[in-house]
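Worksheet: one structure, shown below.
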Number of protein chains: 2
Amino acid sequence: MSATKVRPSSASAVPAEPPQPLDRVDRAILRQLQADASISNVALAAKVKLSAPACLRRVERLKASGMIRGVVALLDPKAAGAGMLVIIGVVLDRSTPESFAEFEKAAQKVDGCMECHVVTGEFDYFMTIRTRDSDSFNRLHAEQLLYLPGVRQIRSFMVLKEILSTTKFPL
Amino acid sequence: MSATKVRPSSASAVPAEPPQPLDRVDRAILRQLQADASISNVALAAKVKLSAPACLRRVERLKASGMIRGVVALLDPKAAGAGMLVIIGVVLDRSTPESFAEFEKAAQKVDGCMECHVVTGEFDYFMTIRTRDSDSFNRLHAEQLLYLPGVRQIRSFMVLKEILSTTKFPL
DNA sequence: CTTGAAATACTACTACG
DNA sequence: CGTAGTAGTATTTCAAG
């Protein structure tokens, strides 16, 4: 009981995560859990036409393998006081490793920062920030964004309408 | 049992969703569920220092009020065959209601489209698309993006490194 | 190696104080 | 909101394909 056992499907050694031996049932399970993970295991088992224990074992295997990163509650942005979404393009002063590292450390601490990515093209970073309204964004802009280290330029794209926002991957 | 009962805190009538009468315990519950919703109700109750039934009632109230939109499983992008993320800025030919509506309908059908928003600034839309690798993105670009209706220009920003990606709102 | 059936332990859920 | 009780589920054990 000391080590967690991973699927020894082939004889070769697999370090931590199996590539993706996903059969049809696994994909059906993942599709369901991506849409609604509050479903009970017995109901899930019925949907994928499996017995409850067999279904539960697959789910736990998918969790242990890292395929399922976690199960979380998604909140309504407006009700959570974060009804405004802003996408921000950032250009750094210098393209040095230190400059990037310093910026990344600071960017993650910006209130309401949901995403931050290094990108190709005319920007170095794209960030998405959730805040209450335009007033609170202006405050955040003046108090935090303008003080991010090593920044040459910041362009803000305010989101006027959210057409689509999902966490579901195609399977 | 015909109507769902909402919190009758004050005597006035509340249509469907109470604004946000969130006390400290509610916020603690939401913080926990945003981080990990696979926790059992008894464990959650212990964390927020409440009895199990009282905790469950709050959670169900938060769900009924729309504050909790849903509980979902988050998958590992790479393991799900969607290791590549691309942010796309779109400029439309004409800024007419018909043009916008037509584009939005088509954009949501693009394979792996995770987000699509109307924005201010030099672009009309920002989209984020998840795909397997650069080959599959090139295919998607040639087969789907170039055929989106009413598009004047598309700029692709490939994500080289994902610094931060969260679904948690600050509370 | 995976599945399915039965048995146990725990949890969610209801009614009441 | 908390306590107690009931119903249902999750989880283990074991046998079979």
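Convention: sequence-line order gives letters A, B, ...; per-chain numbering from 1. Note that these values count all heavy atoms, side chains included, but never hydrogens, waters or copies made by symmetry.
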Selection from dT9(D), dT3(D), dA12(C) that lies nearest to any side-chain heavy atom of V42(A): dT9(D)
Of dG4(C), dT2(C), dG2(D), the nucleotide closest to the side chain of R61(A) is dT2(C)
In this structure, how many angstroms lie between the P atom of dT14(C) and the CG atom of N41(B), rounded? 12 Å
Closest to the side chain of L50(B), out of dT3(D), dA6(C), dC1(D), is dC1(D)
Between atom CD1 in I29(A) and atom C1' in dT2(C), what is the gap in whole Å? 13 Å
Classify the ring geometry of F126(A) against F126(B): parallel below 30°, tilted from 30° to 60°, perpendicular beyond 60°. perpendicular
Do R94(B) and L92(B) make a side-chain contact, defined as non-hydrogen atoms from C-beta onward lying under 4.5 Å apart? no
When rounded to whole Å, the CD to P distance for the pair E60(B) and dT11(C) reads 17 Å
As a test of reading the structure: which of dT11(D), dT3(D), dT9(D) is closest to the side chain of A52(A), going by heavy atoms? dT11(D)
Over 60° means perpendicular and under 30° means parallel, so tell me whether F157(B) and F123(B) are parallel, tilted or perpendicular. perpendicular
Value in whole Å for how far the C1' atom of dC13(C) lies from CG of L44(B): 15 Å
Atom pair distance, as rounded to whole Å: CD1 in I39(B) and P in dC10(C): 17 Å
Base, sugar-phosphate, or nothing for S40(A), non-hydrogen atoms under 4.0 angstrom? sugar-phosphate
Short side-chain N/O contact to dC1(D) OP1/OP2 from R58(B), under 4.0 Å: yes
Main-chain N/O of A52(A) paired with N41(A) side-chain donor or acceptor, under 3.5 Å: yes
Could you state the atom-to-atom distance from CG of D26(A) to P of dC1(C) in whole Å? 16 Å
